[in-house]
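Here is the structure we will look at.
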Amino acid sequence: MPAHFIAIAIGMVLDRLIGDPPNWPHPVKLLGTTIGNLTKLLNKGRMRTIKGAILWLFVCMTTFLLVIWLVSIAYRLHLLVGIAVEALLIAAGLAQKSLRDAALEVYKPLQSKGLKEAREKLSWIVGRDTKKLDESEISRATIETVSENTSDGVTAPLFWAFLLGAPGLWLYKAVNTLDSMIGYKDERYREFGKVSARMDDLFNWIPSRITGLLILLFTPNEGGHSMKQRISGWLGDAKKHMSPNSGYLEAATAWQLNIQLGGSSTYRGVVSKRAILGPAVIANKEHIRSATYQMQLVSWTFWSLGTVLGGIFYAIA
């Protein structure tokens, strides 16, 4: 089995135990700074779609080739050095622990009715307005974020790591960071961020659907619905979502936790109405804990599946 499968396993353990120490430098910050500076330079005048495509290609290819170079040098020094460097790069690109910790930071004040603190902690991880949310709305927003980012932050990076090692993972992280920074449909980014948004949809297409299915197959079924009901509800609701990928995650979470996700949210004072997903049961704070457990369980299930399939593939090859 290739060394990068060992590196992925070590990276998963490191991310679970250590996560992203707040005072450590992180490659995503460098990516964000680079994208921000180039956006200021390019996002003006004519041909913004082409300029955005050039930015996407430059950032993604530079990131991919740089990580290939780093990993190649490490493996040339020694196999164990290569595995160690690749494992660290993979751990830095995963977000299992940070996602869990962020969600529980919202959950903790809700235990003592600390709505003000919970709203503030929620505002750190979502883009919607949080100042007027009640407990159920805070819970729903947190669960939706955990569900969507199960793919964005864990399983999609793993998917690309299994295919291409640490370079593949960081290619995906570049794609995802570009989308999160410029992949908007507002006046400022509609043309410039079009390619970034479309490519993020493409890179997430397979991982999001695999992750949604694994949620239904391997995480606790809290509503007691039959598998047929949950699969049918999942596939039907997923297509209602405005995102071609997020719906497959949020709908799976909604049906598996037996709660309602979606509905109205406010972004910068503007109300956004999204499709209702799942059974008509209002989420509460305890569902946040269920969602974080679901995220962790499906993350390790995805890793196990990738390792087994990868081992079979390389054994046959």
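Keep in mind that what you see is a predicted model, and the values were worked out from it rather than measured.
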Would you call the rings of Phe302 and Phe159 parallel, tilted or perpendicular if under 30° counts as parallel and over 60° as perpendicular?
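Taking Phe159 first and then Phe302, their aromatic rings stand perpendicular (interplane angle over 60°).
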Is there a salt bridge (charged side-chain N to carboxylate O under 4.0 Å, His left out) between Lys116 and Glu120 once you walk through the steps?
CA-CA 6 Å; Lys116 183 177 180 180; Glu120 180 183 1; over 6 Å; no
Measure the spacing between [atom1] of [X] and [atom2] of [Y] and express it to the nearest 0.5 Å.
| X | Y | atom1 | atom2 | value |
| --- | --- | --- | --- | --- |
| Leu163 | His4 | CG | NE2 | 8.0 Å |
| Met295 | Thr145 | CE | OG1 | 12.0 Å |
| Thr49 | Glu191 | OG1 | CD | 4.5 Å |
| Ile288 | Leu257 | CD1 | CG | 11.5 Å |
| Leu249 | Ile210 | CG | CD1 | 11.5 Å |
| Phe64 | Leu169 | CZ | CG | 11.5 Å |

Verify, without hydrogens or angle tests, whether [X] (side chain) and [Y] (backbone) share a donor-acceptor contact under 3.5 angstrom.
| X | Y | answer |
| --- | --- | --- |
| Ser147 | Glu144 | no |
| Thr211 | Pro207 | yes |
| Thr62 | Val59 | no |
| Thr155 | Thr150 | yes |
| Ser208 | Trp205 | yes |
| His241 | Ala238 | no |
| Thr130 | Arg119 | yes |
| Glu86 | Ile83 | no |
| Asp237 | Gly278 | yes |
| Asn43 | Thr39 | no |

Compute whether any side-chain donor of one residue and acceptor of the other, for Asn204 and Asn245, lie under 3.5 angstrom apart.
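Side-chain D/A pair, Asn204 to Asn245: absent.
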Start with the C-alpha distance between Phe203 and Asp179, add both sets of side-chain angles, then the distance that settles side chain to side chain contact (heavy atoms under 4.5 Å, CB included), and finish with yes or no.
CA-CA 11 Å; Phe203 273 67; Asp179 177 62; over 6 Å; no
Using the rule side chain to side chain donor-acceptor pair (under 3.5 Å), only one of His225, Arg230, Gln294 pairs with Gln256; which is it?
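Only one of His225, Arg230, Gln294 forms a side chain to side chain donor-acceptor pair (under 3.5 Å) with Gln256, namely Arg230.
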May I ask you to check whether over 12 heavy atoms, not counting those of [X], lie within 6.0 Å of atom [atom1]?
| X | atom1 | value |
| --- | --- | --- |
| Arg190 | CZ | yes |
| Phe218 | CZ | no |
| Tyr75 | OH | yes |
| Met61 | CE | yes |

Give the intermediate values and the outcome of side chain to side chain contact (heavy atoms under 4.5 Å, CB included) for residues Leu110 and Ser139.
CA-CA 9 Å; Leu110 289 178; Ser139 300; 4.1 Å; yes
Within one Ile-Leu-Val-Met-Phe-Trp-Tyr cluster: [X] and [Y], side-chain cutoff 4.5 Å:
| X | Y | answer |
| --- | --- | --- |
| Val298 | Tyr293 | no |
| Leu158 | Leu17 | yes |
| Leu104 | Val146 | no |
| Leu80 | Ile10 | no |
| Trp303 | Tyr172 | yes |

Counting C-beta onward and ignoring hydrogens, is there a side-chain heavy-atom pair between [X] and [Y] closer than 4.5 Å?
| X | Y | answer |
| --- | --- | --- |
| Trp160 | Val175 | no |
| Ile143 | Leu261 | yes |
| Tyr107 | Thr292 | no |

Pair Lys113, Glu135 - check salt bridge (charged side-chain N to carboxylate O under 4.0 Å, His left out), show working.
CA-CA 8 Å; Lys113 303 297 181 182; Glu135 179 183 315; 3.6 Å; yes
Would you name the heavy atoms of Leu297 and Pro220 that are closest together and state the gap between them?
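Smallest heavy-atom distance, with atoms named: CD2-CD, 4.0 Å.
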Among pairs that include at least one residue of residues 23-49, which meet salt bridge (charged side-chain N to carboxylate O under 4.0 Å, His left out), considering only residues two or more places apart or in two chains?
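Checked against salt bridge (charged side-chain N to carboxylate O under 4.0 Å, His left out) - neighbours excluded - no pair reaches residues 23-49.
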Aromatic ring centroids of Tyr248 and Trp234 under 6.0 Å?
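Ring-ring flag for Tyr248/Trp234: true, centres closer than 6.0 Å.
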